[in-house]
Amino acid sequence: MFKNIEHYKPDLEKTMCMLGKLYADAARRRGGNVTFRALPPSDVEFYSTFDLTKYNYESDINEYAEDLSRLLAESFELRREVDDNMVPTISPVLGIGDYSAFVAGEIDFRKDTSWSKPVFENIDDWKRIPPLGTSKWYRWFLEICEAMLEISSGSGIPFMRGFFSPLDLAGALRGDMIYYDFYDEPEKLHDLLAFCADATIMFAEDIYALARKYLKDTKYGMYYLDGKINMSEDIACMISGKTYREFARPHTQRVINHFGEGHMHTHSRSLYLVKEICSMDGVVNLWLPTDPNAPRPIDHLEELIEDADGVCLAIDIDDFSEIENNLEILKKGNFSLTLPVKDIEEAKALTERFNLLEGI
Amino acid sequence: MIIEEISLALQKGKANDVKALVQQALAEGYTPKDILEKGLIQGMNVIGGKFKRNEVFVPEVLVAARAMNAGQEILRPVLVKSGIKPIGKAVICTVQGDLHDIGKNLVKMMLEGQAIACVDLGVDVPAEKVIAAIKEHEPDLLCLSALLTTTMIMQKEIIEAVNKAGLRNRVKIMVGGAPVTEKFALEIKADGYAPDAASAAELAVQLIGEMHV
């Protein structure tokens with residue numbers, strides 16, 4: 001179903017070299033890298049056509065994997081002439097619920113996403129669940145990964161999977177009670193967060209081992225997994241920098257330390273947390289999408305460059321002129337700039353325009 | 001002064017202290033109206049202002065609101081006895097398709113902090129359930145929350161359903177949630193939009209005032 005990655009990304013070597021330099025400089029806290037991603041509708045539209053309620057995940061895993069792989073392959077094919085920083089990746093899509101159901105609980109599937117309900121009524125309920133790795137969704141998720149890896153084997157397309165941070169995982173398992181836990185049960189909350197860090201490490205290692213089985217002989221198949229962890233810090237948007245530092249950071253740091261490099265995600269709602277997240281050891285990338293009714297990162301470049309201290313900030317922009325108008329400032333830090341475009345032709349044209357900018 | 005202590009304890013989220021201080025204030029002869037307005041509501045107003053300015057965050061608002069509830073529990077029977085009623089009533093929910101309730105809960109707590117009684121319909125609430133609740137509870141306000149761009153459209157559908165049911169002139173409708181903007185609120189013909197929970201409480205008081213003119 002999938003062709004070789006170089007079919008979808010003819011300039012693969014150049015792109016990987018650019019990304020390699022970007023993250024190496026970010027690790028050394030040295031700026032000077034500005035990269036560009038055009039976001040045509042075809043990169044994301046397939047999510048809305050992929051009906052998650054259609055499958056019985058116990059019996060239809062192969063059908064699910066084939067349907068999703070076909071949509072991904074079509075999407076990659078459409079953008080093959082776009083010479084930007086986007087590298088095709090294979091990743092299961094199950095919504096949000098699977099990000100915590102691998103520990104415990106059920107997934108509530110909707111057509112285009114999913115949710116999980118909090119299952120830890122008491123803060124130390126993690127001590128009473130069956131051993132990690134034995135839950136239904138832990139097993140099914142690995143089976144889904146394997147089905148997708150089998151379909152894509154031979155293509156050399158990197159496999160990719162992100163995770164909740166320990167705080168996000170604890171938030172999903174505990175629900176809104178977690179906001180009271182900061183005050184009512186600080187010690188027990190640390191215990192829960194430590195459990196969530198252990199769970200994330202174990203689950204990620206199992207997924208990575210599975211991917212390695214299929215991708216170990218490919219040049220870039222493990223690019224987004226080996227020595228890396230990709231984690232969200234969404235609940236962090238609801239708490240202060242001080243609370244983040246005290247509760248979330250030590251556990252997130254432990255997960256990053258286990259793998260090596262941290263590729264993080266939070267929201268523009270919490271620009272005040274950029275410094276906290278980027279100052280953790282090993283963090284090289286922070287995806288910071290703009291929220292409605294919240295500050296736009298592109299409007300706060302000077303302070304963000306200072307707070308990020310060389311960590312690559314993946315931010316979105318509304319218009320290409322925002323790159324041209326801010327180019328000299330952008331070059332002081334490391335950036336991956338994403339611009340939604342109306343179609344592939346515009347994606348190609350703007351990428352060419354970007355590649356002609358001086359000093360890029 | 002004990003009323004000030006109530007406000008400060010509430011701001012720190014000390015529910016047991018608030019409870020004890022309210023009891024003490026009543027014993028010392030303070031009026032329930034003063035305890036409510038100058039102690040509890042004043043404390044929530046301070047927290048609301050700090051929340052708007054990013055000086056406190058969700059956990060601090062939640063523990064403060066819990067302390068407010070603890071104080072109100074003591075005060076409620078005395079308020080009823082004194083004939084002091086809530087300033088209005090709101091029906092509140094997260095719209096159909098959306099399971100997020102933290103924003104809705106924060107608004108509810110802030111409204112209660114302004115002595116507005118709330119009927120909470122929960123999350124994932126369809127238009128029919130909202131219509132039934134308006135008929136049953138006869139609220140001054142209907143508050144609709146949505147966290148997702150994919151579900152905010154349900155706010156429009158619910159407003160249209162309220163229109164269709166002939167109830168639109170009986171209730172003011174407020175909308176909110178992370179993706180919702182003032183422009184969207186105007187487009188869907190809501191009566192009001194607020195960017196955060198504290199502003200929502202201020203708007204609610206204003207809209208209830210307009211209802212009762």
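All values below were derived from every heavy atom in this structure, side-chain atoms included, with hydrogens, water molecules and symmetry-related copies excluded.
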Given a strict heavy-atom distance threshold of 4.5 Å, which part of B:P179 is in contact with chain A: side chain, backbone, both, or neither?
both
Report the residues that fulfil side-chain hydrogen bond (donor to acceptor under 3.5 Å, both in side chains) with B:E210, sequence neighbours left out, ordered by chain and then residue number.
B:Q206
Does any backbone or side-chain atom of B:V56 lie under 4.5 Å from a heavy atom of chain A? Answer side chain, backbone, both or neither.
neither
Contact part of B:I102 toward chain A, heavy-atom cut-off under 4.5 Å: side chain, backbone, both or neither?
both
For B:E5, enumerate each residue passing the side-chain hydrogen bond (donor to acceptor under 3.5 Å, both in side chains) test, keeping only those at least two apart in sequence or located in another chain.
none
Output the donor-acceptor atom pairs between chain B and chain A under 3.5 Å, with atom names and distances to 0.1 Å.
residue: B:V58; atom: N; partner: A:M238; partner atom: O; Å: 3.0
residue: B:E60; atom: OE2; partner: A:Y183; partner atom: OH; Å: 2.7
residue: B:R66; atom: NH1; partner: A:D184; partner atom: OD2; Å: 2.7
residue: B:R66; atom: NH2; partner: A:D184; partner atom: OD1; Å: 2.8
residue: B:R66; atom: NH2; partner: A:D184; partner atom: OD2; Å: 3.3
residue: B:D124; atom: OD2; partner: A:R110; partner atom: NH2; Å: 3.4
residue: B:A178; atom: O; partner: A:N293; partner atom: ND2; Å: 3.0
residue: B:V180; atom: O; partner: A:N293; partner atom: ND2; Å: 2.4
residue: B:Y193; atom: OH; partner: A:N293; partner atom: ND2; Å: 3.4

Residues passing the salt bridge (charged side-chain N to carboxylate O under 4.0 Å, His left out) test with B:K19, sequence neighbours excluded, are none
